[in-house]
Amino acid sequence: MTPLDFDARHLWHPYTNVLDPGPMHLISSAEGVWLTREDGGKMIDAMSSWWCAVHGHRHPAIIAAMQAQLDHLPHVMFGGLTHTPAIELGKRLTDMLPDGLDRIFYSDSGSVAIEVALKMAVQYQMAKGHSGRTEFATIRGGYHGDTWKAMSVCDPVNGMHGLFRGAMSIQHFLPRPSVALGQDWPEDPALNGLGALEEMLDRQGDRIAALILEPVVQGAGGMYFYHPSWLKGARELCSAHGVLLIFDEIATGFGRTGQLFAMQHADVVPDILCVGKALTGGHITLAATIATEAVARGIGESEASVLMHGPTYMANPLACAAAIASLDQLKQRDWHHEVSAIAKQMEHELAPACDIPGVADVRVLGAIGVIEMESVVDPRIAHAQAPKTGVWLRPFARNIYCMPPFVISGDELSQVTAAMVNLARGEA
């Protein structure tokens with residue numbers, strides 16, 4: 001039995017039918033933007049391995065930091081103990097985040113970071129005497145992870161978790177912000193969508209602990225970019241109704257949208273922020289839920305007094321060391337210029353897709369490029385074409401998209417955009 005035969009017989013891949021898994025590529029190594037298959041062929045990782053490898057694979061500074069950490073402390077429990085990598089990473093995060101976001105809870109995945117944020121919100125509301133505030137509001141088209149409570153705030157109809165609708169908590173869903181990024185912002189709440197949020201909070205605010213959303217960019221829920229002014233209005237309404245505001249920047253944090261954090265497009269600060277993916281440059285899993293002092297103090301002064309969560313691998317020293325090196329790379333390199341150049345090139349090279357029959361929209365923000373089709377795209381087609389195009393793409397739903405590493409060259413990016421346009425045309 002070959003390794004790929006064993007894989008097909010025994011391993012379960014994400015969002016894959018075990019009876020018909022489709023083309024599978026055995027990756028033997030990776031470096032920079034390139035993935036090398038066991039057969040020696042190479043493909044550009046246009047997905048940054050699900051949006052996290054912003055510095056490319058096997059970045060020497062991150063690898064060196066991890067190797068040094070391995071020599072003396074790969075892991076230790078964080079309950080009652082601490083270590084220098086966690087402290088140093090915390091310093092870097094608080095230095096780069098807006099004032100006020102300064103209480104950091106580490107976890108080991110983005111979905112867990114969301115679960116922690118939702119727990120924080122409920123515990124905070126209970127601490128303030130609002131025991132009825134145990135539900136959540138969000139906007140349609142969102143995606144916040146695959147764990148149980150995180151699924152409940154993903155789009156229940158068009159999202160990936162509609163199958164579980166009857167089993168999950170019922171949450172409060174608002175229409176997706178109707179004003180797209182780049183459109184004129186109407187001040188009338190009936191036109192800009194904020195009227196629906198205000199009405200919800202007026203009617204049901206005493207049941208809602210927090211509003212959770214992805215700022216400006218909705219990722220796996222549809223790659224939709226909406227107007228930052230919606231966030232400003234949401235911040236004001238949440239504050240007025242005593243509802244916490246949670247931003248999920250797991251996909252957008254650390255430069256992906258052209259700002260260090262997507263919330264900076266609106267100059268809005270949430271009560272709780274979730275980050276992950278690019279935090280370690282894609283070298284090892286790590287996430288964080290970051291709250292304001294007011295939220296942390298409220299929980300600390302409550303009857304429970306402690307946040308009721310504690311992952312075994314919380315603040316893993318090896319992951320913290322990788323994250324320190326990754327954030328140092330953002331500080332040392334002109335990532336803003338890199339992302340700006342990627343955006344400009346993608347705008348030019350993806351534009352011809354607008355004239356292809358079946359294309360609904362083409363849009364770019366920072367290092368995110370999207371060709372939205374009128375019908376669902378079969379990802380297995382892109383997987384099968386990858387050895388020929390030399391580009392690894394993984395479309396989902398109606399979207400052919402890329403989120404390349406920031407270090408991609410102009411020629412490499414042209415190879416990616418050509419593969420996207422050809423896939424939209426239905427060319428092999």
Side-chain angles (χ1 to χ4, degrees), residues 48 51 54 93 95-101 110 117 138-144 174-187 189 191-194 197 211-239 244-279 290 292 327 330-331 334-347 361-370 372 401-404 406:
S48 293
W51 323 346
V54 293
L93 286 169
D95 284 347
M96 66 172 42
L97 286 167
D99 291 343
L101 288 169
T138 188
I139 54 179
R140 291 196 177 274
Y143 172 80
H144 300 285
L174 294 157
R176 187 164 68 177
S178 58
V179 185
L181 183 69
Q183 293 180 338
D184 292 335
W185 175 255
E187 295 298 332
L191 298 177
N192 62 33
L194 289 169
L197 174 59
L211 169 67
I212 180 171
L213 48 81
E214 300 153 284
V216 181
V217 175
Q218 290 186 304
M223 306 304 294
Y224 175 68
F225 309 156
Y226 64 92
H227 203 290
S229 292
W230 199 94
L231 297 175
K232 294 181 180 180
R235 171 72 280 178
E236 293 173 2
L237 288 169
C238 285
S239 296
L244 295 183
L245 181 60
I246 302 172
F247 281 174
D248 174 355
E249 291 237 25
I250 292 163
T252 55
F254 309 108
R256 179 58 68 180
T257 68
Q259 295 285 350
L260 193 56
F261 297 96
M263 61 186 172
Q264 292 172 324
H265 288 282
D267 195 23
V268 171
V269 179
D271 300 292
I272 303 172
L273 173 70
C274 298
V275 296
K277 289 194 183 291
L279 177 58
I290 306 160
T292 62
L327 298 188
L330 288 177
K331 188 174 181 179
D334 190 357
W335 67 266
H336 191 276
H337 174 76
E338 292 172 348
V339 171
S340 178
I342 290 170
K344 186 177 296 185
Q345 184 173 341
M346 286 198 298
E347 286 171 355
D361 189 29
V362 176
R363 50 190 179 271
V364 171
L365 177 63
I368 307 171
V370 184
E372 181 182 344
Y401 77 100
C402 72
M403 286 190 173
F406 299 167

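All values below come from the heavy atoms of this structure, side chains included, with hydrogens, waters and symmetry mates left out. Note that the numbering runs from 1 along the sequence shown for the chain.
- In this structure the side chain of Pro98 reaches within 4.5 angstrom of the side chain of Met263, judged on heavy atoms.
- Under the 4.5 Å side-chain criterion, counting only non-hydrogen atoms from C-beta, Ile290 is in contact with Leu97.
- Looking at Gln264, its side chain does come within 3.5 Å of a backbone N or O of Leu260 through a donor-acceptor pair.
- More than 12 heavy atoms of other shown residues, nucleotides or ligands fall within 6.0 angstrom of atom CG in Asp95.
- Under a 3.5 Å cut-off, the side chain of Ser340 and the backbone N or O of His336 do not form any donor-acceptor pair.
- Proximity of a side-chain donor or acceptor of Tyr224 to a complementary backbone N or O of Pro177 within less than 3.5 Å is detected.
- Between Glu236 and Ser239, the side chains place no donor N or O within less than 3.5 Å of an acceptor N or O (distance only, hydrogens not considered).
- Ring-plane geometry between His227 and Trp185 is classed as tilted, the angle between the planes lying from 30 to 60 degrees on a 0 to 90 degree scale.
- Atom CG in Asp271 sits 8.5 Å away from atom CG in Leu101 (nearest 0.5 Å).
- No side-chain heavy atom of Arg140 sits under 4.5 Å from any side-chain heavy atom of Leu174.
- Rounded to the nearest 0.5 angstrom, Cys402 SG and Ile368 CD1 are separated by 9.5 Å.
- When all heavy atoms of Leu244 and Cys238 are compared, the closest pair comes out as O-SG, 4.4 Å.
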*Just do the side chain to side chain contact (heavy atoms under 4.5 Å, CB included) check on Phe261 and Phe254 with the steps written out, would you?*
CA-CA 6 Å; Phe261 297 96; Phe254 309 108; 3.9 Å; yes
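- The closest side-chain heavy-atom distance from Thr257 to Val216 is not below 4.5 Å.
- Atom NZ of residue Lys277 and atom OG of residue Ser48 lie 10.5 Å apart, to the nearest 0.5 angstrom.
- In this structure, Val179 and Tyr226 have side chains that are not in contact, with every pair of non-hydrogen atoms separated by 4.5 Å or more.
- Under the side chain to side chain contact (heavy atoms under 4.5 Å, CB included) test applied with Arg235, the options Leu211, Leu245, Val269, Asp267 reduce to a single match, Leu245.
- The shortest heavy-atom contact between Val339 and Gly255 is CG2-O, 3.6 Å.
- Of the residues listed (Met346, Lys344, Gln345), the one engaging Ile342 in a side chain to side chain contact (heavy atoms under 4.5 Å, CB included) is Met346, and it is the only one.
- In this structure, Ala234 and Leu194 approach most closely via the heavy-atom pair N-CD2, 3.7 Å.
- Expressed to the nearest 0.5 Å, how far NZ of Lys232 lies from CH2 of Trp230 amounts to 14.5 Å.
- The heavy-atom pair separating Trp51 from Ala220 by the smallest distance is CH2-N, 3.6 Å.
- Contact annotation: the side chain of Arg363 approaches that of Met223 to within less than 4.5 Å [non-hydrogen atoms, C-beta and beyond].
- Distance CG/Leu93 to CE/Met96: 6.5 Å, rounded to 0.5 Å.
- When all heavy atoms of Leu181 and Pro228 are compared, the pair lying nearest together is CD1-CD, 3.6 Å.
- Shown here for Gly366 and Ala343, the closest heavy-atom pair between the two residues is O-CB, 3.3 Å.
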*Check step by step if side chain to side chain contact (heavy atoms under 4.5 Å, CB included) holds for Arg256 and Phe406.*
CA-CA 8 Å; Arg256 179 58 68 180; Phe406 299 167; 3.8 Å; yes
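- Inter-residue side-chain proximity for Asp248 and Leu213 is flagged as unmet; no heavy-atom pair is nearer than 4.5 Å.
- To the nearest 0.5 Å, the span separating CZ on Phe247 from CD1 on Ile272 amounts to 12.0 Å.
- Remark: the backbone N or O of Gly219 is paired with a side-chain donor or acceptor of Glu214 at under 3.5 angstrom.
- The shortest distance between side-chain heavy atoms of Val362 and Glu372 does not fall below 4.5 Å.
- Looking only at distances, no side-chain donor or acceptor of Gln218 sits under 3.5 Å from a matching main-chain atom of Tyr143.
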